[in-house]
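Following: one structure in structure tokens, then a few remarks.
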Amino acid sequence: MGREVSESCVDGVVMEMVAAYCGRFYAAKPELAAGRIEAIGFQVGHQLSERYTMERPRFTDHLEAIKFICKDFWSELFKKQIDNLKTNHRGTFVLQDNHFRWLTRVSLDPAVENTDATENDSGSLGDSAAQTTSMLLYFPCGLIRGALTNLGIPCAVSADMSNLPACSFVVRIKT
Amino acid sequence: VWKTRVDKVNAELVTLTYGTIVSQLCADYDNDYAQVNQQLDKMGYNIGMRLIEDFLAKSNTGRCGNFRDTAEMISKVGFKIFLNITPTVTNWTADNKQFSLLFDENPLADFVELPDDGRAQDELWFSNIFCGILRGALEMVQMSIEARFVSDVLRGNDVTEMRVTLIRYIEDEMPPDDE
């Protein structure tokens, strides 16, 4: 076990990175911000899976690699495993975390996030909160895609947060 | 549900994420390192303003009597709690308003090399987010400070040193007087 830090450091850096890209650098271009955040996640996931698999034999199939993500990789990052794994056996995997850390901690205070909206306009405030959350999820999507890509599995990863604070990551392996 | 809650996590995630953010910023700002330094400081400022609450909750300490106490608190409690390091407090000025923090270890800079373009070594303060964090956190407890790095082992210096200067204590804002 290497160096340890307080988890609030991780939260602080990740949250601020997302806030900076969405709010300051690419405020008018959410799709560019999303791309950057995903790319940072990809880079980090790629390097982490390299480190975490150094001592392991090569994975023999996709399921083994996905299980590694669900158990070892997730535990290293969040001190818990993925709670539920589903697959259609045709290259799509759904990884569900019932209490995804970064969603339970995030403050969805719409007043801070969206100063343009009028106070009574609850519909657009809700959208803004949802948008902030979805921006936050580009980072772990990138982490997973980076980790799997490093293991030789090209894929697309998206997040489904229809039942918060549970969160599902959908991995579609490219064949 | 919360039984898995543990406060300490592996430092690699924060180290690698921070390093990737810095290199992404260098690319975004076309290697204009003055801009990158400034953005890192700004990100730190925002983090510091939020982190202070966590610090007060976790440290459960009282008020600092003077700026010397504050410096000790930053090093031995703040950096210790969050990053598990204790930078050395030293080089006080006679008026007790300016000191240095010497970092003999720096989790942000593990496995880091600066870009080899002949300029980053002179212009980029890789760990500049720390300056912003201190500034943001102390502002929330009524201290206006300035913090900046003056040397960094990543640049080939012997030590990593940050200067911290107390500008003033912020008086509580009183409502406009109507006398």
Side-chain angles (χ1 to χ4, degrees), chain A residues 1-21 23-26 32-33 35-52 73-81 83 97-99 101-102 104-105 107 112 139-140 142-143 146 165, chain B residues 1-25 27-29 35 38-40 42-55 57-59 78-85 105-111 129-130 132-133 136-137:
Chain A
M1 191 67 191
R3 198 194 276 281
E4 291 197 324
V5 298
S6 155
E7 56 188 13
S8 13
C9 294
V10 181
D11 296 356
V13 169
V14 170
M15 305 288 172
E16 177 55 27
M17 180 263 293
V18 173
Y21 272 95
R24 295 210 299 278
F25 307 152
Y26 296 100
L32 268 182
R36 282 288 195 277
I37 294 165
E38 206 269 351
I40 291 173
F42 179 88
Q43 189 75 28
V44 175
H46 201 272
Q47 296 177 70
L48 285 175
S49 86
E50 180 76 35
R51 303 179 74 81
Y52 297 159
F73 190 74
W74 219 250
S75 303
E76 290 277 3
L77 301 188
F78 302 111
K79 296 258 172 152
K80 76 185 282 290
Q81 299 184 3
D83 296 295
D97 186 330
N98 290 338
H99 276 271
R101 203 184 133 67
W102 290 332
T104 54
R105 289 297 180 91
S107 144
V112 179
F139 185 66
L143 285 176
Chain B
V1 181
W2 294 105
K3 68 175 185 290
T4 51
R5 189 180 156 154
V6 180
D7 184 50
K8 296 281 179 197
V9 291
N10 201 322
E12 283 169 341
L13 178 59
V14 82
T15 307
L16 292 174
T17 303
Y18 183 72
T20 309
I21 292 171
V22 176
S23 65
Q24 183 73 63
L25 285 177
D28 288 349
Y29 286 98
Q35 281 266 21
Q38 197 189 331
Q39 288 302 332
L40 291 173
K42 200 165 177 178
M43 291 177 79
Y45 179 75
N46 292 334
I47 294 172
M49 291 205 301
R50 291 194 295 265
L51 218 52
I52 186 72
E53 244 178 87
D54 205 33
F55 167 82
K58 286 189 168 117
S59 64
F79 276 100
K80 182 70 187 168
I81 289 180
F82 291 115
L83 292 173
N84 203 18
I85 60 173
E105 47 180 345
N106 178 359
L108 292 185
D110 285 342
F111 7 94
I129 199 164
F130 282 155
I133 292 177

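Naming convention: chains lettered A, B, ... in sequence-line order (proteins, then strands); numbering from 1 in each chain.
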* Residues B:Asn84 and B:Lys80: side-chain donor-acceptor under 3.5 angstrom -> yes

* Would you say the side chains of B:Asp28 and A:Tyr21 form a donor-acceptor pair under 3.5 Å? -> yes

* Interface moiety of A:Phe42 toward chain B, non-hydrogen atoms closer than 4.5 Å -> neither

* To do: Over 60° means perpendicular and under 30° means parallel, so classify the ring planes of B:Phe130 and B:Phe79, tilted if in between.
  => perpendicular

* **When B:Ile129, B:Thr15, B:Ile21 are compared by non-hydrogen pairs under 4.5 Å with chain A, the top option** => B:Ile21

* For B:Leu83, is it the side chain, the backbone, both or neither that has a heavy atom under 4.5 Å from a heavy atom of chain A? -> both

* Checking heavy atoms, do the side chain of B:Ile133, its backbone, both or neither come under 4.5 Å from chain A? -> neither

* Only one of A:Arg101, A:Lys80, A:Lys79 forms a salt bridge (Lys or Arg N to Asp or Glu O under 4.0 Å) with A:Glu7, so which one is it? -> A:Arg101

